[in-house]
Amino acid sequence: MINIGVGAHITAAAPGGKRYAKSLTSEERRSPNNCIWLCQNCAKLIDSDETAFSTERLHDWKMRREVRQSELILALPDSRSSAPRNSTAVEARQLVDYRRLPETFYQRLVGRDSELNCLDEAWSDTRVNIISLVAEGGAGKSALINEWLTRLQADDYRGAQLVLGWSFYSQGSKERASSADPFLNWAAEKLGIELKVSSTTAKADAIADALTQRRALVLLDGVEPLQHGIDTQLGQLKDFGLRAFLRRVAATPSRAGHGLVVVTSRLAVKDIATWQAGSSPVLRVTRLSDAAGGMLLRENGVWGTDKDIEGAAHDFGGHPLALSLLASYVKETQAGDVRRRDRIRNLLADPNNPGHDHARRVMESYEREWLASRPLDLAVMQMVGLFDRPAADDCLRALRASPPITGLPAAMVEVGDDEWNRSVARLREVRLLAPPDTDAPGTLDAHPLVRDWFGEQFKQTNQPAWEAAHGRLYEHLRDTTKEGETPSLEQLTPLYQAIVHGCRAGRHNEAWNEVFAARLKRVVGTRFENYTTRTLGAIGSELAALSNFFVKPYDHPVASLGSAELKQIMISVGECLSAQGRYSEVIFTMGVLDKIVEPATGWRYAGSGSIRPHIAHLRRISAVQLTLGLIAHATANAARSVELVSRSSTLAGLAVGARASFARALYMSGQREKAKTVMLDIKPSSSSYRALSNIQFDLLIDEGNTTLVHEFAVRHEESAKFQAAPLLIGHNSLILGRSHFLLAMEKVIKRRSFSDIRDHIQVTFLRLDDAVERFRSSGVLDVIAIGLLARARFRRNLGDWAGAALDLNEVEEIAEPALMRLLLCDMAIERARLDFARREAFAPLNGFISYCKSKPAQLDESERQRLQAEAAVHLASAADTIATHGYHRRDEELAELQSVIRGQRTFASLSARV
């Protein structure tokens, strides 16, 4: 069979055609930009459904394929070696941007030769994809990176096609203040990736894919704000976008011309620990030796005997930041005499960060002995301490504006730029302020430990002034930000910063109502548009901003919040945590919300209007519990929501969603007939559309009547035509894809015509791909995993076992850290099925479409036995989950597969499951 490609119009050439765009000119309609190259079948298919195959969707396909082909062409050795100087290959090689890495003070890096050698070896070693530099704050990780970059630059970056650097401290140093969203957007822009999806994991995957095709160096400084810092989660990333990026890079097979990601953090990244002995080693940056520390002190103007100077290095723990500050302090206040360091108080032990107090006690002496007589210099450091990022020039000018902030020197309002600049220069000379940023000369910054120390001291000594200063910054950022109708995440950054300052000023309700609700979430009528999460996919940024409304994120909200604001905040937190797959944290959040909703509604005694929030709350918590495998609890809460709905006829509109939630929980517990009874005689409503059609479709699939299944899918498609949300469009594609998948399997068994089977397979292929991409756009992780599982089953039956394994690996990436136990069970079962299929070379849909035509290979006996043993391990894991969590929906399927393990049946003889 020969497939002939055709050039298809994306928007029709004439009125009445598919996707006709009146605004285009005749030239634009004839342009190659309006053409997409497809096979004959797909060219017809895209005109059969304008909803599924929209103009935006087709342009996205075209762009992705063209970018991928360009990357493959650039990867060819001949094309690189013979490229002219103005070619894309040369431009890609010369792309260097690490301006966002922090500037560091040092004349010559001392005592780090072994670490620099390790970095050199990592760049040369084709087996290494990521190297992590791990040390406490102030240990000199950033200085080490800057020195290495200086050496690379002198050597023309040693063959790197691009060098990119990003600091997460530039967007917030506090644990609650950061997300990977800005980095992912910036990296995509730098790489020329035009992303049509808002899902952070999809962005991360696309960026990792582009980087691993090139000789790229990526430096990620200060990752710890995105990591958990406690208990069993210690070092685990809270941001799923960065997690997906690093794990994808870590898992990339070794090859010549590989790239390298360098990560610096106070904690090893737990999420890539699996590869620590291979592609992702960890380099522990330890304290400086006494000799190296003494050399650092001498080179910074300290004098004394070798014994005294090396003794000072020892006394201050070989901590580079502390020694740098000590050198400038002794030189400035004690004429450089190292013996007079005894004026600094003794160390207060901190076993978790032993070097931090070394730096703090020097700063304390600085403030007491040097800054006390310099009120302007002290005020500058206090201002810098207000920020958890570099302090922008416009914000500093707002703090200096009239009227003066009570508690800060009144003379600051009158101080001229010359005097201000002299103060800044003095503070830079003594190493309290970082070197100037050439791209933003008015911006001031300091090492995070220095910044945090002066901020805390300001708060402790004069909290009213500290709050007033934050209030001034809140008003400035709130009033001067003009974001427009469709702002990017970067354009909204000042509003996120305004929220931080508003909350620190104690103005939590204003920050929520004036900025968060009105300008980020955006109120439309009585509902939130959720612009930042639905349109931009900025779930991490939203969650980081929400953390400012808590004393302890996310289970101890501040007491000053109004009841309406508190309820909206807790619901928003739950939605963001759920979207990131952080379900164990959602349970705590739901507990807080439960205390808010139930007393406020008084549902035991009040009328039907008061019960509504409680019903919605019960459905939400039931859904989370089900995802975590807490099936009994999920069933009880869903049953309670149905019982509350039954109390009043005025609640009938909530009945569909409540009954769908209850039926889903019953179905998962294996009570199929009871679930069917609950679902009798109800029809979808817009608010329960996805939940209802999900359970109805699964029940029909179990009955095995393909005609009814397909009729339902067609009716569902008609109902879904006017849905605009990616989640609902993707859900429609998933149902249609599974329907055609089932029909294809049935027709293979019945030996129907080749073309008939091929057509169903082709539709399945396109629909399941569309579902996965739509789900990625939604950013909802558990739904992405559901789509990937469906596609993995289909790929297995095609004989695309590598593709199926990739999908299952991604399911694990999503489900494992979030403890999505039911999805992990489904993944284990599908992995066992994949092992059996490979063992028996069984792929009933193989050979019908060009995507996968090569026949499955017959394996030797040793490989067959290995796959049998591997399948047994997967089934044992699934059996444990089923027994422990009551996931009896899978009982029958598990029993079938166990009979294959025992040799009682062949895998090919089992019934098809889609």
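Listed by chain and residue number, Arg507 satisfy the salt bridge (charged side-chain N to carboxylate O under 4.0 Å, His left out) test with Glu510 (two or more places apart in sequence, or in another chain). Qualifying side-chain contact (heavy atoms from CB on, under 4.5 Å) partners for Ala398, counting only residues two or more places apart in sequence or in other chains: His476. Annotation: salt bridge (charged side-chain N to carboxylate O under 4.0 Å, His left out) contacts of Glu483 (sequence neighbours excluded): Arg519. Partners of Gln457 by side chain to side chain donor-acceptor pair (under 3.5 Å), not counting sequence neighbours: none found. Partners of Ser328 by side chain to side chain donor-acceptor pair (under 3.5 Å), not counting sequence neighbours, listed by chain and number: Tyr366. Applying the salt bridge (charged side-chain N to carboxylate O under 4.0 Å, His left out) test to Asp290 and every residue at least two apart in sequence or in another chain returns Arg287. For His501, the side chain to side chain donor-acceptor pair (under 3.5 Å) partners two or more places apart in sequence, or in a different chain, are Arg389, His470. Every side-chain contact (heavy atoms from CB on, under 4.5 Å) that Val330 has, sequence neighbours left out, goes to Leu326, Gln334. Annotation: salt bridge (charged side-chain N to carboxylate O under 4.0 Å, His left out) contacts of Glu310 (sequence neighbours excluded): none. Listed by chain and number, the residues in a side chain to side chain donor-acceptor pair (under 3.5 Å) with Glu467 are Gln463 (sequence neighbours excluded).
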Checking Val362 against Leu323 for the side chain to side chain contact (heavy atoms under 4.5 Å, CB included) test, could you report, in this order, the C-alpha distance in whole Å, the side-chain angles of both residues, the deciding distance, and whether it holds?
CA-CA 9 Å; Val362 180; Leu323 292 175; over 6 Å; no
Any chance you could lay out the salt bridge (charged side-chain N to carboxylate O under 4.0 Å, His left out) test for Asp377 and Arg426, step after step, and finish with the verdict?
CA-CA 8 Å; Asp377 295 353; Arg426 282 195 299 271; 2.8 Å; yes
Go through Glu364 and Arg360 one step at a time and tell me if the salt bridge (charged side-chain N to carboxylate O under 4.0 Å, His left out) criterion holds.
CA-CA 6 Å; Glu364 184 179 310; Arg360 290 191 193 103; over 6 Å; no
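Within 6.0 Å of the CD atom in Gln491, the count of heavy atoms belonging to other residues, nucleotides or ligands exceeds 12.
No side-chain N or O of Asn117 forms a donor-acceptor pair with one of Ser114 less than 3.5 Å apart.
The side-chain hydrogen bond (donor to acceptor under 3.5 Å, both in side chains) test with Tyr474 singles out one residue from Glu514, Arg504, Gln497, and that residue is Glu514.
For residues 396-409, the salt bridge (charged side-chain N to carboxylate O under 4.0 Å, His left out) pairs, not counting sequence neighbours, are Asp393-Arg397, Arg397-Asp417, Arg400-Asp417. Residue pairs meeting the salt bridge (charged side-chain N to carboxylate O under 4.0 Å, His left out) criterion with at least one member in residues 109-123, sequence neighbours excluded: Arg112-Glu115, Asp120-Arg158.
The aromatic rings of His358 and Phe316 lie tilted to each other, with the angle between the two planes from 30° to 60°.
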